[in-house]
*Asks:* 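Please read through the structure below; I'll follow up with questions.
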Amino acid sequence: MSCQLPALLPDYDLNDSEAGMKILEELTQNVHQIQQLVLEEIITRNAHTEYLKGFLNGQCDMQGFKNKVPVVNYEDIKPYIERIANGDSSNIISAEPIIELLTSSGTSGGQPKMMPSTAEDLHRKTFFYNLLVPVMNKYVDGLDEGKALYLLFVKPETKTPSGLMARPVLTSYYKSSNFKNRPFDRFNVYTSPDETILCSDSKQSMYCQLLCGLVQRQDVLRVGAVFASAFLRAIKFLEDNWKELCSNIRAGCVSDWITDPSCRNVVSLILSDPNPELADLIEHECSSESWEGIIKKLWPRTKYIEVIVTGSMAQYVSTLEFYSGGLPLVSTMYASSECYFGINLKPLSKPSYVSYSLIPNMAYFEFLPVNKNHEDGIRDVQCNGVCKENCSDHVETVDLVDVKLGQYYELVVTTFTGLYRYRVGDILMVTGFHNKAPQFRFVHRRNVVLSIDTDKTNEEDLLKAVTKAKVIVESLGFLLIEYTSYADTSSIPGHYVIFWELTSKGSNHLPVLDTKLMEQCCSVVEASLDSVYRRCRRKDNSIGPLEIRVVQHGTFDALMDFCVSQGSSVNQYKTPRCIKSGEAINILDSRVVGRFFSQNAPPWEPV
Ligand code: AMP
């Protein structure tokens, strides 16, 4: 039996919401059949790639797939990706030509991971985006009677030695004709002209998008960004720039520093006439002492805020609620550079109840069971974070239709773009089913301890960075006894805080610390973190200066006492390298004797 792609990406009338919902019903009813077709299609197409030939001997062997093809981590496939980046033919992993590499926010050796992408995959993503529309229309009426203020941005891109484009998945999508020619004439109307989204200067882009959003405030029915962190950054930008934005609206012309020609042209058209009444109104709202509910005040017709608030973004929910004035927070989708995974079929559910239904025609999905006490389980299946040769060969995976309610799993994908049984690194929990399609809550990313924006810092990264920095204080006769960290998001942008307990060699007394040296320690930690952190910090300004808080002697003993009082076993106690509990943070904070901030953003170059 062979299958043609049109069956896997069915056509329907995009302006017919019912037809869209019907497709979703079919996809979620026929999960087993579709998953089999997807696997068959992928194997049939790619059996002769060097990668699959190595395991399947050129056979279209569906039965043998799980026995013979290993479950892999990025490190296992990195040599193939690097060969393609350096000019080898892409058919070493994919029969379809790989047209670009998508730089993921996950890193390997400090550099972004690169995921293969094909021309056809753009259509798969478009199919996925189109499915979001009938879902939203089902729950919110009248979305076609106005516009969406979406703050969308492109990020820097580079070329690999062979000339392939390397860039983040959303940058690739926004620059594609699929985005430009997006369907739903009445639904997908954005206040941001494409020129402002595609402007590579993020400050000009932000300014112009906010300006256009303010001028068209009466049309706005929904606001949003991809991640909560980006949306809050926009609010902060508005706090810093509303006076200038108002003066542009009052005068009917855009500030001189907007020099990107296409941005300037398109914004000038929208601004066209002086509008002192609107400027007064915005000034009145923005000069209010509290910005509580500012979104509703500035954009009074807004029905919801569309931002991802699951996973590491959950830390922003309360801040968003403060600014939103009680609007629903909608996380529509779960996706990655590897593949787009799932859709939230109940978009108005509260952030902590959000689940995603994996869409079975996107990829072939498998699941590595993770113990109920999932942290331990993750360590078990992970071989302590390093997948030794063959270590995952023997791990039994479960199919999409066989996952069990309440169980934790790590997601493994086989994509149409050359990834085979690839561990995404996300831990998910099954919360229910829509038809036959399981729904998953995003639990957390394997290993990650700190995250503010798209950065993902794990324990090893943190240890490496701290080890480099502590050399500075050790040379002065101090010892770093203990450290831990947390992501402080009480201000925008958030920043990493590292608590250090220091002592002088041979005594418990801590002499006065030299500010310059401690600031240098902060900078060394930042410079040692991976390139996604450094890009967010230096280029996107989405992470603030890293802070070291030095705590008094005995603080980490107090932390241990607290953890033990909360149920940790004394025998197995290990200092947590990242603290989430507010009470634990208070224990540390109440013993702080010095606070130091990095004075320089770390160097960053596009890879
Ligand atoms: P990237 O490959 O850089 O696009 O990052 C993809 C990763 O972001 C996923 O593997 C998840 O860890 C995280 N992510 C994406 N969408 C969501 C979501 N809706 N909720 C929580 N985490 C998400």
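Just so it is clear, the structure is predicted and the values come from calculations on it, not from any experiment. FYI, side chains are in, hydrogens and waters are out, and symmetry mates aren't considered; it's all heavy atoms of this structure.
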*Asks:* Can K464 and E460 be counted as an ion pair, charged N to O under 4.0 angstrom?
*Replies:*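 Result for this pair is no, no salt bridge flagged.
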*Asks:* Could you report the tightest heavy-atom contact between R538 and A601, atom names first, then the distance?
*Replies:*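 Looks like NH1-O, 2.8 Å.
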*Asks:* Looking at R446 and D426, does any basic side-chain N land under 4.0 Å from a carboxylate oxygen?
*Replies:* no
*Asks:* Would K147 and W299 count as a cation-pi pair here, with the cationic atom under 6.0 angstrom from the ring centre and within 45° of the axis?
*Replies:*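 Verdict for W299: no cation-pi partner in K147.
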*Asks:* Is S451 reaching over with its side chain to a backbone N or O of D455, donor-acceptor style, under 3.5 angstrom?
*Replies:*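 Confirmed, S451 side chain pairs with D455 backbone.
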*Asks:* Would R534 and D530 pass as an ion pair if we require N to O under 4.0 Å?
*Replies:*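 Looking at D530 together with R534, the answer is no, because their closest N to O distance does not fall below 4.0 Å.
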*Asks:* Should K203 and D260 count as an ion pair when the cut-off is N to O under 4.0 Å?
*Replies:*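 D260 and K203: not salt-bridged.
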*Asks:* Under the salt bridge (Lys or Arg N to Asp or Glu O under 4.0 Å) rule, what pairs show up with a residue in residues 215-230, not counting sequence neighbours?
*Replies:* none
*Asks:* For E283 and K243: C-alpha separation, side-chain torsions, deciding distance, then whether salt bridge (Lys or Arg N to Asp or Glu O under 4.0 Å) applies.
*Replies:* CA-CA 7 Å; E283 244 168 35; K243 286 189 183 139; over 6 Å; no
*Asks:* Does the side chain to side chain donor-acceptor pair (under 3.5 Å) test come out yes or no for Y356 and T310, once each step is laid out?
*Replies:* CA-CA 10 Å; Y356 301 98; T310 45; 2.7 Å; yes
*Asks:* Counting only N and O atoms by type, is there a donor-acceptor contact under 3.5 Å from the side chain of S337 to the main-chain atoms of L102?
*Replies:* no
*Asks:* In terms of relative ring orientation, are Y190 and Y150 parallel, tilted or perpendicular, with 30° and 60° separating the classes?
*Replies:* perpendicular
*Asks:* Hey, are D461 and K456 close enough for a salt bridge, meaning a charged N less than 4.0 Å from a carboxylate O?
*Replies:* no
*Asks:* For the residue pair Y422 and Y74, categorise the inter-ring angle as parallel (less than 30°), tilted (30 to 60°) or perpendicular (more than 60°).
*Replies:* perpendicular
*Asks:* Indicate every side-chain donor-acceptor pair of residues 265-278 with a distance under 3.5 Å to a residue at least two apart or in another chain.
*Replies:*
| unit_1 | atom_1 | unit_2 | atom_2 | d |
| --- | --- | --- | --- | --- |
| S268 | OG | R264 | O | 2.6 |
| N275 | OD1 | L278 | N | 3.1 |

*Asks:* When you check the gap from the basic side-chain N to the acidic O, do K180 and D194 get nearer than 4.0 Å?
*Replies:* no
*Asks:* Check K175 with E157, please: is the shortest side-chain N to carboxylate O separation under 4.0 Å?
*Replies:*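 Yes, this pair counts.
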